[in-house]
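A quick write-up on the structure given underneath.
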Amino acid sequence: MGVVEAKEIAAIVDRHGREASKLLPILQETQRRYGYLPEEAMQQIADALSLPVAKVFGVATFYSLFAVAPKGQHIIRVCENAPCHLRGAEEVFAALREELGIQPGETTADGLFTLEQTSCLGVCGVAPVMMVDEVVYGNLTPTRVREIIANYRRAAVGE
Amino acid sequence: MAFYRSHVLVCGGTPCLLGGCRGVKDALVAEIERQGLTDEIKVVETGCLGPCDRGPVLVVYPEGITYVRVKVEDVPAIVAEHLLKGRVVERLVYRDEAGERLVSYAQSTYYGPQKRVVLRNCGVIDPESIEEYIARDGYAALAKALTAMTPAAVVEEIKASGLRGRGGAAFPTGLKWSFTAKAQADQKYIVCNADEGEPGTFKDRLILEGDPHSVLEGMIIAGYAVGATRGFIYIRGEYRQSIARMAKAIARAREMGLLGRNILGTGFSFEVEIREGAGAYICGDETALIESIEGNRGEPRVKPPFPGVHGLWGRPTVVNNVETLANVAPIIDHGAAWFRSMGTENSPGTKVFTMTGDINNEGLIEVEMGIPLRQIIYEIGGGIPGGRGFKMAQTGGTSGGCLPTSFLDLPMDYDTLAQHGAALGSGALLVMDDTHCIVDIIKCFQKFFAHESCGRCTPCREGTVRLYEMIGEISEGRGTREHLRVLEELGRVMTVAPLCGLGQTAAVPLLSCLKHFREEIETHVLEGRCPTGVCKMGKAPVVA
């Protein structure tokens with residue numbers, strides 16, 4: 001792969017401290033840097049913290065915000081829990097699948113979007129909701145999600 | 001200090017942020033400047049004001065006029081008419097369900113019945129200003145505890161108040177503290193559980209966003225009471241705004257000598273660190289949360305031993321919910337008797353609820369314990385949209401029981417709800433109208449549990465998936481009597497066999513629906529039709 005620089009990982013580890021209890025903050029920062037957790041990075045983190053690499057991989061795969069494979073440029077997380085469900089999350093989700101042409105867990109061919117289901121995002125007062133990267137969108141309708149997707153597509157072309 | 005003739009409070013809670021409140025706030029500041037009113041009118045971004053589905057919300061004081069669904073285009077009218085000429089912009093004013101314009105914030109059917117203790121500063125102060133928190137008696141309780149009370153007296157006061165854990169389990173807080181206070185160890189810890197994940201619950205998010213210092217003050221007092229010098233706040237990774245506000249609050253408290261070494265010159269030291277969650281509902285369980293802070297997979301531990309004596313790194317640890325900790329300073333300030341004057345005998349104080357689903361006023365409220373469900377839904381909540389009929393209310397989030405119409409007059413407190421197979425829990429209140437199907441919503445609940453089970457113990461790992469499969473088959477018209485029998489039996493096993501609260505509550509909503517909505521479920525199984533027409537079962541629904 002060769003995308004990971006040992007120096008960078010060492011710097012991240014040193015910023016948090018070489019203790020096993022700092023594993024989550026270290027993985028969080030590593031993911032912010034690379035967009036996911038490359039295998040090389042997990043190996044280097046394991047070495048630095050004197051942990052088996054299986055332990056690092058086990059933690060990384062337990063939590064839903066970590067990714068061990070590259071994802072799309074934007075990650076769309078759609079809530080489908082009861083408060084959103086009652087306010088039409090199903091139609092919103094169907095509209096997203098149709099608009100993007102992918103199923104949950106997949107990434108669009110252009111690499112722009114990954115679609116995921118999530119549990120409650122805690123903004124149920126404006127259900128149904130979704131998160132695109134770190135931005136939350138509420139009061140969604142099928143029309144509104146199509147507009148939001150179109151905005152991201154336009155922004156990508158403009159880059 | 002400058003004196004302003006008017007204050008405009010702009011709600012900066014996450015639900016309002018989504019509606020564009022920052023843009024509205026910036027436009028307000030610019031327009032006020034353009035009109036030369038900068039010295040007369042102050043714009044403040046506050047925490048949650050409550051009616052989330054009507055955001056962005058702003059309140060103009062001293063009149064107390066609430067404007068809802070404010071857009072940037074509305075700003076010139078508000079400034080030119082209201083702030084300059086004193087004429088209220090009628091078209092934007094918050095009206096109650098009867099269409100009555102609210103004369104003031106406090107008189108409405110929405111705010112009137114509320115009792116704000118935990119939310120005392122939410123929507124009132126700038127949450128990023130420690131000065132404003134202090135001006136509202138903030139950190140007075142900490143000073144009182146550190147200078148005029150022994151640690152044991154603080155524990156006794158909390159015990160006497162009858163405060164119970166607001167995260168869902170309702171364990172007496174004072175008793176929890178006393179276990180850790182008594183334990184001997186070289187290090188003890190206070191952990192604030194802000195890993196709010198119960199579907200339909202967003203109170204902790206809005207407390208942290210709206211009044212972070214109230215939680216921090218509660219933690220420091222807890223530390224003094226039990227002899228802990230270090231604390232962790234474990235906040236969901238998705239709660240970006242809560243994390244940012246808490247980080248700022250910690251920094252400011254440290255600068256002011258209210259946190260860190262030798263607090264207020266009393267010799268007591270306390271340090272707090274934020275830890276971000278990484279997406280796991282199970283980490284709301286206190287032992288799973290402890291595992292996560294230690295850097296492990298968030299899998300729950302076998303209890304006992306309980307964290308109070310054997311918690312973080314094996315040391316005595318108090319784990320308290322955000323709302324629980326926000327109650328601590330007011331109790332120390334005003335005393336246990338004052339706290340007991342609110343709520344019921346066994347559930348004193350107030351409770352913060354988040355109302356969601358088919359209800360007119362979705363959002364955040366705080367009321368005394370023991371208020372009837374009907375009053376919350378029909379008075380404060382403004383009833384059900386479109387005049388549709390009530391079908392059920394689920395209290396305590398997705399792990400809570402579902403209550404039919406006959407339970408509407410139940411007082412909302414821990415023990416009453418527990419007696420009826422429901423739970424007050426985290427304070428989530430989901431209302432469902434009669435156009436929705438009970439089988440469909442159970443399927444939604446079970447899907448959640450099947451997804452969130454951590455996989456550690458077999459009854460939960462296997463049971464949650466089987467329940468989801470079986471209810472799915474019923475919703476597709478493939479259910480049999482055997483499905484009903486197995487659902488009931490497995491559901492009962494699930495309430496006792498799993499290791500932690502997740503598994504033990506995963507069948508609670510299902511079992512309550514089998515009890516209260518049996519006929520509707522049986523119609524799916526025995527007649528192969530869905531009375532509401534929601535489930536796609538092949539056969540056409542009968543229109544009532």
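Below, chain A is the first sequence line, B the second, and so on; all start at residue 1. The structure presented is a predicted model; accordingly, all values stated were derived computationally and were not measured.
The 12-atom threshold is exceeded at CD of A:Glu19, counting heavy atoms of other residues, nucleotides or ligands nearer than 6.0 Å. At most 12 non-hydrogen atoms from other residues, nucleotides or ligands lie less than 6.0 angstrom from NZ of B:Lys71. More than 12 non-hydrogen atoms from other residues, nucleotides or ligands lie less than 6.0 angstrom from OH of A:Tyr152.
Each of B:Ile359, B:Asp53, B:Leu430 has some count of heavy-atom pairs under 4.5 Å with chain A, and the biggest count is that of B:Leu430. Looking only at heavy-atom pairs under 4.5 Å with chain B, the residue among A:Val129, A:Leu86, A:Val56 that has the most is A:Leu86. Your options are B:Gly298, B:Pro15, B:Gly397, and the one with the most heavy-atom pairs under 4.5 Å with chain A is B:Gly298. Heavy-atom pairs under 4.5 Å with chain A were tallied for B:Gly279, B:Gly295, B:Ala278; the largest tally goes to B:Ala278. Ranked by heavy-atom pairs under 4.5 Å with chain A, the list B:Thr14, B:Leu17, B:Ile441, B:Thr398 is led by B:Ile441. Counting heavy-atom pairs closer than 4.5 Å to chain A, the top-ranked of the candidates B:Thr201, B:Asn296, B:Leu206 is B:Asn296. Contact tally against chain B (heavy-atom pairs below 4.5 Å) for A:Ala127, A:Gly138, A:Gly58: the top residue is A:Gly58. Here B:Met432 is the residue among B:Met432, B:Lys203, B:Glu196, B:Glu198 with the most heavy-atom pairs under 4.5 Å with chain A.
Contacts of B:Cys52 with chain A are made by both backbone and side-chain atoms, with heavy-atom separations under 4.5 Å. Heavy atoms closer than 4.5 Å to chain B are found in both the backbone and the side chain of A:Glu80. Residue B:Cys454 touches chain A through both its backbone and its side chain, counting heavy-atom pairs closer than 4.5 Å. Neither the backbone nor the side chain of B:Asp204 has a heavy atom closer than 4.5 Å to any heavy atom of chain A. At a 4.5 Å heavy-atom cutoff, the contact between B:Glu273 and chain A is made by side-chain atoms alone. Of the two parts of B:Phe445, only the side chain, counted from C-beta on, holds a non-hydrogen atom closer than 4.5 Å to a non-hydrogen atom of chain A. Of the two parts of B:Lys447, only the side chain, counted from C-beta on, holds a non-hydrogen atom closer than 4.5 Å to a non-hydrogen atom of chain A. With a 4.5 angstrom heavy-atom cutoff, B:Ser292 touches chain A via backbone and side-chain atoms both.
From A:Leu24, atom CG reaches atom OH of B:Tyr234 across 6.0 Å, with rounding to the nearest 0.5 Å. Taking CZ from B:Arg205 and SG from A:Cys124, the interatomic distance works out to 9.0 Å, rounded to the nearest 0.5 Å.
Across every non-hydrogen atom of B:Arg297 and A:Thr61, the tightest pair is NH1-OG1, 4.0 Å. Between B:His451 and A:Ser119, the shortest heavy-atom distance links the atoms ND1-OG, 3.7 Å. For B:Ile282 against A:Phe62, the heavy-atom pair with the smallest separation is CG2-CZ, 3.7 Å. Taking each heavy atom of A:Val123 and B:Phe202 in turn, the nearest pair found is N-CB, 4.4 Å. Closest approach of A:Leu65 and B:Gly277 over heavy atoms only: CD1-O, 4.3 Å.
Remark: the backbone N or O of B:Glu276 is paired with a side-chain donor or acceptor of A:Gln28 at under 3.5 angstrom.
Side chains of B:Arg275 and A:Lys22 form a contact here, defined as non-hydrogen atoms less than 4.5 Å apart. The shortest distance between side-chain heavy atoms of B:Phe448 and A:Cys120 does not fall below 4.5 Å. Within the 4.5 Å cutoff, the side chain of B:Arg240 has no heavy atoms near those of the A:Val136 side chain.
We find that B:Glu362 and A:Arg87 are joined by a salt bridge, their nearest charged nitrogen and carboxylate oxygen being less than 4.0 Å apart.
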